[in-house]
Amino acid sequence: DTAVSQTPKYLVTQMGNDKSIKCEQNLGHDTMYWYKQDSKKFLKIMFSYNNKELIINETVPNRFSPKSPDKAHLNLHINSLELGDSAVYFCASSQVLSTTNEKLFFGSGTQLSVL
Amino acid sequence: QKEVEQDPGPLSVPEGAIVSLNCTYSNSAFQYFMWYRQYSRKGPELLMYTYSSGNKEDGRFTAQVDKSSKYISLFIRDSQPSDSATYLCAMTGSARQLTFGSGTQLTVLP
């Protein structure tokens, strides 16, 4: 019973296309994230939603648009894909441990390859 | 300069070795220090976390924090091939948002 599931696992597409990645969590958490992991394994936060509201929007091209229909789902739509968008995209949900600490539960990632 | 620096490796050790993984950081506001383990083609998962300076032990794993030097370590005793993974340090300060290191790839050879 997967806690954080994201689809698809692999996405291969041409430059200029539009694609979406879906994420769902069954942990009952209020906060969800999108992270991008580059080829050197560096995890960079992209967006954070708390109870369907956008709370963190890092410096990400506006070709990336997150959508949260409810607190269990956070999807990512990418327009006009570019070669530099190739990476692994992780969805995560957050268990609050304290006011300044949280435990993240990650999905298995979506490997995006833009040709 | 990144807020959190981590030697990317790769690090390769024989089974049974003691492994030391390290991170340095520049933000003195960081208070919680975490280690995530990421197996190949999987998402990271929390291994352990510590608050402020000191040591914390969990089985074969020991996390150590030296806030005066802005240096944290993860020690793995009696390393096993199943410990082969990328280890990412992460930290939080005044807010809950985590700042990650870039990860160290570890291979434990049987």
Side-chain angles (χ1 to χ4, degrees), chain A residues 2-11 21 23-25 27 29-50 54-59 87-113, chain B residues 1-11 21 23 25 27-52 56 58 63 65 67 72 84-107:
Chain A
T2 306
V4 181
S5 58
Q6 56 181 108
T7 54
K9 194 166 176 63
Y10 299 98
L11 198 46
I21 308 172
C23 179
E24 175 181 2
Q25 57 101 356
L27 297 168
H29 296 156
D30 289 338
T31 302
M32 295 182 72
Y33 293 91
W34 278 111
Y35 279 87
K36 178 180 180 180
Q37 189 173 47
D38 62 23
S39 57
K40 295 183 179 178
K41 298 292 190 181
F42 182 63
L43 265 174
K44 184 177 178 185
I45 189 170
M46 300 175 69
F47 302 103
S48 173
Y49 271 74
N50 183 269
L54 179 66
I55 56 170
I56 295 175
N57 184 351
E58 292 294 318
T59 310
V88 181
Y89 292 83
F90 285 100
C91 173
S93 73
S94 163
Q95 175 190 1
V96 175
L97 299 177
S98 73
T99 53
T100 54
N101 194 20
E102 62 184 356
K103 177 179 178 179
L104 296 183
F105 293 78
F106 285 87
S108 292
T110 296
Q111 172 92 55
L112 172 64
S113 299
Chain B
Q1 185 191 0
K2 289 181 180 164
E3 274 191 298
V4 180
E5 299 279 358
Q6 188 174 3
D7 185 342
L11 185 60
L21 305 166
C23 288
Y25 62 95
N27 187 345
S28 56
F30 286 142
Q31 299 179 68
Y32 282 95
F33 303 90
M34 285 140 280
W35 287 95
Y36 279 78
R37 178 174 61 194
Q38 184 178 15
Y39 289 117
S40 180
R41 302 187 193 283
K42 298 285 186 187
E45 53 184 350
L46 181 66
L47 196 54
M48 57 195 304
Y49 73 91
T50 54
Y51 174 73
S52 195
K56 184 174 184 179
D58 184 1
V65 174
K67 288 192 74 178
I72 71 169
S84 299
T86 296
Y87 290 80
L88 301 122
C89 63
M91 307 174 189
T92 63
S94 54
R96 286 206 306 268
Q97 182 183 332
L98 271 67
T99 300
F100 281 91
S102 54
T104 300
Q105 186 181 337
L106 171 68
T107 301

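Throughout, protein chains are lettered first and strands after them, A, B, ... in sequence-line order, and every chain is numbered starting at 1. None of these values were measured; they are calculated from a predicted model.
A distance of 8.0 Å separates NZ of A:K9 from CZ of B:R41, quoted to the nearest 0.5 Å. Here the CD-OG1 distance, from A:E102 to B:T92, works out to 8.0 Å after rounding to the nearest 0.5 Å. A:Q95 contributes atom CD, which lies 9.5 Å from atom CG of B:L46 (distance to the nearest 0.5 angstrom).
Between A:L43 and B:P44, the shortest heavy-atom distance links the atoms CD1-CG, 3.9 Å. Residue A:F42 comes nearest to B:F100 through the heavy atom pair CE1-O, 3.5 Å, listed as atom of the first residue, atom of the second, then distance.
The side-chain hydrogen bond (donor to acceptor under 3.5 Å, both in side chains) search around A:N50 returns A:T31, not counting sequence neighbours. A search for salt bridge (Lys or Arg N to Asp or Glu O under 4.0 Å) contacts involving A:D38 returns nothing, not counting sequence neighbours.
Heavy atoms closer than 4.5 Å to chain B are found nowhere in A:Y89, neither backbone nor side chain. For B:M91, no part lies near chain A; criterion is any non-hydrogen pair under 4.5 Å. For A:Q37, the part lying near chain B is the side chain, with the backbone staying farther off; criterion is any non-hydrogen pair under 4.5 Å. Contact of B:Q38 with chain A is made through the side chain alone, with heavy-atom distances under 4.5 Å. For A:K40, the part lying near chain B is the backbone, with the side chain staying farther off; criterion is any non-hydrogen pair under 4.5 Å. Neither the backbone nor the side chain of A:K44 comes within contact range of chain B; no heavy atoms are under 4.5 Å apart. With a 4.5 angstrom heavy-atom cutoff, A:Y35 touches chain B only via side-chain atoms. Contact of A:I45 with chain B is made through the side chain alone, with heavy-atom distances under 4.5 Å.
A donor-acceptor pair under 3.5 Å links the side-chain atoms of B:Y36 to the main chain of A:L104, judged by distance alone.
At a threshold of 4.5 Å between non-hydrogen side-chain atoms, the residues B:Q31 and A:N101 do not count as touching. Side-chain contact between A:L97 and B:Y49: present, with at least one pair of heavy atoms (C-beta onward) separated by less than 4.5 Å. The shortest distance between side-chain heavy atoms of A:S98 and B:Y51 does not fall below 4.5 Å.
Contact annotation for residues 2-11 of chain B against chain A (heavy-atom separation below 4.5 Å, listed by residue number): B:K2.
Among residues at least two apart or in separate chains, there is no salt bridge (Lys or Arg N to Asp or Glu O under 4.0 Å) pair with a member in residues 97-106 of chain B.
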